[in-house]
Asks: 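Before we start, here is the structure in question, set down as structure tokens.
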Amino acid sequence: MSPEAITTPVVDTAKTPPDRAYSRARAARRRKVLITAARVLVLVAVLGLWELLSRSGTIDPFNFSMPSKIWDQIVTWVTHGTALGSLGEQIWYTLYEALLGWVAGVLAGVVLGIALGRIAFLADILGPYIKVLNSIPRIVLAPIFVIWFGLGPASKVASAVVLVFFPVFFNAFQGAREVDRNLVANARILGASDRRVTLQVVIPSATSWIFTSLHVSFGFALIGAIVGEYIGATKGIGLLVAQSQGTFNAAGVYAAMVILAVVALVAEGLLTFAERRIFRWKPSGSEN
């Protein structure tokens, strides 16, 4: 063996490269922090510009109000209540109506959507009627519901139901139609009845479609409750908006909108959490 071969340094090949999973997780955390910081900066910039333009008179503070006044209005409602009672009572009243309408609309949409998705004859009969009803601007039904059911929660629940039903129905219908035919055929080969195929194959396959509609439909339920309260009610966030508008209190209108946005975001977070718990087998977004 030559002297050069003896003195040549040996490269350490046993050194392991950085853990790929750890690096990707670290990059994902950095990206999440960056996105959160960018969102906060955008919000601060918009609110700061709004406040500056209002205080300088560039925009009319009477009509557009300003973030500081909106915050003061929220603090006043929280600490001293509203003219209708405590703020918590108003939030709960609206949330109660929206939840009832949401649950009823989701159940009706899922049941009818799965049924029409599974039974073509039924879909051929009821399909045109559902399309006609879907073409009606459903917000205009709110005054009719107030006439039918009065100023109580029933009219607001009805408004929420008609807004929630259609997006849930169409997603459930499409989910039932998009079921893998091989799964259905295999279930039938194994002796499954129509009922077992629907319960154990069709509904689980359509669940992701249904959950997609739930995120949007709860916002629709809030809209239905608010519109109904705005038209006629004894309490609720929608009535706060109507009273603030009637007294030319722009800060009150914006404060009610902020409260509704917070409620909607909390509901969205709960739905997202439930979806992730149910669909833990699904990949969580794109991997960078």
Side-chain angles (χ1 to χ4, degrees), residues 33-99 101-102 139-140 142-143 146 151-153 155-156 159-160 163 215-272:
V33 171
L34 181 61
I35 290 175
T36 302
R39 289 173 177 172
V40 172
L41 287 175
V42 169
L43 179 61
V44 170
V46 171
L47 294 179
L49 182 61
W50 183 2
E51 183 81 17
L52 179 62
L53 293 177
S54 295
R55 289 188 179 276
S56 64
T58 305
I59 59 177
D60 187 359
F62 180 79
N63 293 324
F64 292 93
S65 188
M66 60 183 67
S68 59
K69 288 185 177 180
I70 296 170
W71 175 252
D72 291 340
Q73 182 67 79
I74 294 174
V75 171
T76 300
W77 282 348
V78 171
T79 55
H80 302 292
T82 69
L84 307 173
S86 68
L87 180 61
E89 183 182 5
Q90 311 313 310
I91 294 174
W92 167 245
Y93 195 77
T94 299
L95 196 57
Y96 167 77
E97 296 164 344
L99 282 172
W102 182 68
I139 290 297
V140 303
V146 172
L151 299 178
S155 58
K156 288 72 178 173
S159 298
L163 286 174
H215 292 278
V216 179
S217 62
F218 187 78
F220 287 162
L222 279 175
I223 292 172
I226 292 299
V227 170
E229 290 172 352
Y230 185 84
I231 293 173
T234 57
K235 60 179 68 177
I237 299 297
L239 186 55
L240 277 180
V241 174
Q243 287 189 343
S244 298
Q245 181 188 14
T247 57
F248 299 98
N249 180 12
V253 175
Y254 288 119
M257 292 169 59
V258 170
I259 292 169
L260 285 174
V262 171
V263 171
L265 286 175
V266 171
E268 171 71 15
L270 292 175
L271 285 173
T272 301

Asks: Donor-acceptor pairs under 3.5 Å, side chain of residues 231-244 to any protein atom, not counting sequence neighbours: which ones?
Replies:
unit_1	atom_1	unit_2	atom_2	d
Lys235	NZ	Glu89	OE2	2.7
Ser244	OG	Leu240	O	2.9

Asks: Centroid-to-centroid, Trp71 to Tyr254, below 6.0 Å?
Replies: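 That pair fails the under 6.0 Å test.
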
Asks: Using 0.5 Å steps for rounding, measure from the CD1 atom of Ile74 to the NZ atom of Lys69.
Replies: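 One gets 15.0 Å once the value is rounded to the nearest 0.5 Å.
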
Asks: Side-chain contact, heavy-atom cut-off 4.5 Å: Phe64 with Leu53?
Replies: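 No, side chains not in contact.
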
Asks: Can you give me the closest heavy-atom contact between Ala221 and Ala98, atom names plus distance?
Replies: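 Closest approach of Ala221 to Ala98: CB-O, 3.5 Å.
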
Asks: From Leu49 CG over to Thr58 OG1, what is the distance, rounded to the nearest 0.5 angstrom?
Replies: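 These two atoms lie 9.0 Å from each other.
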
Asks: If I compare all heavy atoms of Trp77 with all of Ala256, which pair ends up nearest, and what's the gap?
Replies: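 Shortest heavy-atom contact: CZ3-N, 3.8 Å.
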
Asks: Atom CD of Glu229 and atom CG of Leu84: how far apart are they, to the nearest 0.5 Å?
Replies: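 Answer rounded to 0.5 Å: 10.0 Å.
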
Asks: Could you give the distance from OG (Ser217) to CG (Leu163), rounded to the nearest 0.5 Å?
Replies: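 Spacing of OG (Ser217) from CG (Leu163) equals 10.5 Å.
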
Asks: So, the side chain of Ser54 versus the backbone of Ser65: is there a donor-acceptor pair under 3.5 Å, distance only?
Replies: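 Side chain of Ser54 to backbone of Ser65, a donor-acceptor pair under 3.5 Å: yes, one is there.
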
Asks: To the closest 0.5 Å, what do you measure between CE (Met257) and CG (Leu260)?
Replies: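 Output value for this atom pair is 8.5 Å.
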
Asks: Kindly indicate whether the side chain of Trp102, heavy atoms from C-beta on, has any atom under 4.5 Å from the side chain of Phe220.
Replies: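 No, every pair of side-chain atoms sits at 4.5 Å or beyond.
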
Asks: Please check this pair: side chain of Lys156 against backbone of Leu151, looking for a donor-acceptor N/O pair closer than 3.5 Å.
Replies: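 Between the backbone of Leu151 and the side chain of Lys156 there is a qualifying donor-acceptor contact (under 3.5 Å).
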
Asks: Closest approach of Thr79 and Val75, non-hydrogen atoms and distance?
Replies: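 Minimum heavy-atom contact is OG1-O, 2.7 Å.
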
Asks: Please collect all salt bridge (charged side-chain N to carboxylate O under 4.0 Å, His left out) contacts where either partner lies in residues 43-58, sequence neighbours excluded, each pair once.
Replies: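 Sorted pair list: Glu51-Arg55.
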
Asks: With distance as the sole test, does Ser86 use its side chain to make a donor-acceptor pair with the main-chain N or O of Thr82 at under 3.5 Å?
Replies: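 Between the backbone of Thr82 and the side chain of Ser86 there is no qualifying donor-acceptor contact (under 3.5 Å).
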
Asks: First locate atom CG of Leu222, then atom CG of Leu95, and finally report the distance between them rounded to the nearest 0.5 Å.
Replies: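 The CG atom of Leu95 is 7.0 Å from CG of Leu222, to the nearest 0.5 Å.
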
